[in-house]
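Worth saying up front: this structure is predicted, and the values here are computed from it rather than measured.
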Amino acid sequence: MKVLEIIMPVLVMILLGIWCRKKNVLTQSGIDNIKSLVTNIMLPVAIFHALATAEYTGKIGILVGIMFVMLLISFSVGFLLKPLLEAPYKKYLPYMVCVYEGGMMAYPLYTSLCGSEHLSQIAVLDIAGLLFGFSVYMGMLGQTENGGKISAKALFFSAVKTPAFVASVLGIVAGLTGIISRLVESSFGGVYLSVENILTTSVTSMILLVVGYSMELTRELISPCIKTIILRICVQAVMMAGVLLAVHFLVGSSQLMDLAIILYMSAPATFSMQTFLKKKESSAYVSTTNSLYCIVSILVYMVLALIIY
């Protein structure tokens, strides 16, 4: 029942997206407008608040560094694996074997397993993902989607123009200075939290709706999606072992942190990737693969639950 409580809302919104496409309740133009709203306003606000209210210590800096190096390695490995996947999907493989869906998959699974009071253990792992994801990752994804040559100069200007990346940088600055934490504790804190809440409450449901709308389990997609899932499992298994060893050596061993690493790195690629894709074929491939990968996350959660309890 705990698994159903976590997974059912995700499934309902994905199924609702599929239904909206089949019944023409939403058009592609409407979905594009939702993507624009999420990527330009709602998601940046959520990212800023999460980073601005995080606690930053020396150990956290080491954890962020470990995760950032791991993301660079897994992303690079994805380019080496491209020949294993057929066109036109292989150009998206580096993006599919890297980064993680924290907020909609890893966070609730970890909270169910370890309690909400320990959520910071997994949230800190996501800092590197946010920084990398909304700079190098999304910038190169946009260039790949448009069919252009990947350029460092274009990547830089793309990053500084991306609201989510700007929100990440500002969020870290605000977190290091503690300005937002002091604001939340002040008499004006209730007003700030109310505004932040109204702007971000629907971001999860909107992203999942877009994922469902774009999902198409067709015969042509089954093979590339299954191959991608297998490749991601292989890459992430090696990366997970490396991260666990590095954390134990540099930070120290902790069951709560070990569980956080395993669950976080067992999550699918970020669902927000979907809001940055424009082409129908890439949207269908990414949405279908990520939706199917949720099964892997649930299986890992169930194994960990059996071991712990």
Side-chain angles (χ1 to χ4, degrees), residues 37-69 71 99-138 159-207 247 250-252 254 256-257 259-261 263-264 267 270-272 275:
L37 176 64
V38 170
T39 56
N40 290 303
I41 300 176
M42 302 175 77
L43 192 58
V45 172
I47 291 170
F48 172 80
H49 178 73
L51 293 176
T53 53
E55 295 182 9
Y56 296 87
T57 64
K59 286 188 176 181
I60 288 179
I62 295 174
L63 283 169
V64 172
I66 292 172
M67 293 302 293
F68 203 91
V69 170
L71 287 167
V99 303
Y100 311 92
E101 180 47 61
M104 283 175 265
M105 184 56 61
Y107 284 23
L109 289 175
Y110 184 77
T111 300
S112 172
L113 197 64
C114 302
S116 58
E117 66 273 17
H118 300 298
L119 186 59
S120 60
Q121 296 281 340
I122 195 169
V124 69
L125 300 176
D126 210 21
I127 294 176
L130 291 172
L131 285 174
F132 177 80
F134 293 106
S135 56
V136 177
Y137 181 91
M138 290 302 181
V160 297
K161 292 179 181 178
T162 302
F165 175 72
V166 175
S168 299
V169 175
L170 294 177
I172 291 175
V173 172
L176 290 172
T177 58
I179 186 172
I180 297 299
S181 296
R182 289 194 292 271
L183 176 64
V184 170
E185 294 171 358
S186 71
S187 58
F188 194 74
V191 177
Y192 167 80
L193 291 175
S194 296
V195 174
E196 186 274 335
N197 184 64
I198 197 66
L199 285 173
T200 60
T201 296
S202 301
V203 66
T204 298
S205 58
M206 285 192 175
I207 290 176
V247 170
L250 297 174
V251 180
S254 163
L256 288 172
M257 180 53 67
L259 291 172
I261 292 170
L263 282 173
Y264 182 69
T270 176
F271 285 156
S272 61
T275 60

Listed by chain and number, what are the ring-ring contact (aromatic ring centres under 6.0 Å, His included) partners of F48, not counting sequence neighbours?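 Listed in chain order: nothing, the list is empty.
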If every non-hydrogen atom of [X] is compared with every non-hydrogen atom of [Y], which pair is closest and at what distance?
{"X": "V64", "Y": "A128", "result": "O-CB, 3.6 Å"}
{"X": "A52", "Y": "S181", "result": "O-OG, 4.0 Å"}
{"X": "T177", "Y": "R182", "result": "O-NH1, 3.1 Å"}
{"X": "I180", "Y": "A174", "result": "CG1-CB, 3.8 Å"}

For the atom pair [atom1] ([X]) and [atom2] ([Y]), what is the distance rounded to the nearest 0.5 Å?
{"X": "L250", "Y": "L63", "atom1": "CG", "atom2": "CG", "result": "9.0 Å"}
{"X": "I60", "Y": "L125", "atom1": "CD1", "atom2": "CG", "result": "10.0 Å"}
{"X": "L183", "Y": "T53", "atom1": "CG", "atom2": "OG1", "result": "11.5 Å"}

Could I get the full list of side-chain hydrogen bond (donor to acceptor under 3.5 Å, both in side chains) partners for T200, not counting sequence neighbours?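 T200 satisfies side-chain hydrogen bond (donor to acceptor under 3.5 Å, both in side chains) with E196 only.
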Going by side-chain hydrogen bond (donor to acceptor under 3.5 Å, both in side chains), name the residues that satisfy it together with T201, two or more places apart in sequence or in a different chain.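 Once residues adjacent in sequence are excluded, the partners of T201 under the side-chain hydrogen bond (donor to acceptor under 3.5 Å, both in side chains) criterion are N197.
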Evaluate the side-chain proximity of I261 to M67: yes if any heavy-atom separation is below 4.5 Å, no if none is.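 Not touching, per the 4.5 Å side-chain cut-off.
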Do V251 and M257 come within less than 4.5 Å of each other through their side chains, counting heavy atoms only?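 Side chain of V251 against side chain of M257, heavy atoms only: no contact under 4.5 Å found.
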Above 12 or not: heavy atoms from other molecules or residues under 6.0 Å from CD1 of I179?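 No, not enclosed.
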Give the ring-plane orientation class for F68 versus F132, where under 30° counts as parallel, over 60° as perpendicular and anything between as tilted.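 Geometry flag for F132 against F68: perpendicular rings.
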Say whether, by atom type as modelled, one donor and one acceptor occur between the side chain of Y100 and the main chain of L263 under 3.5 angstrom.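 Not a single qualifying donor-acceptor pair exists.
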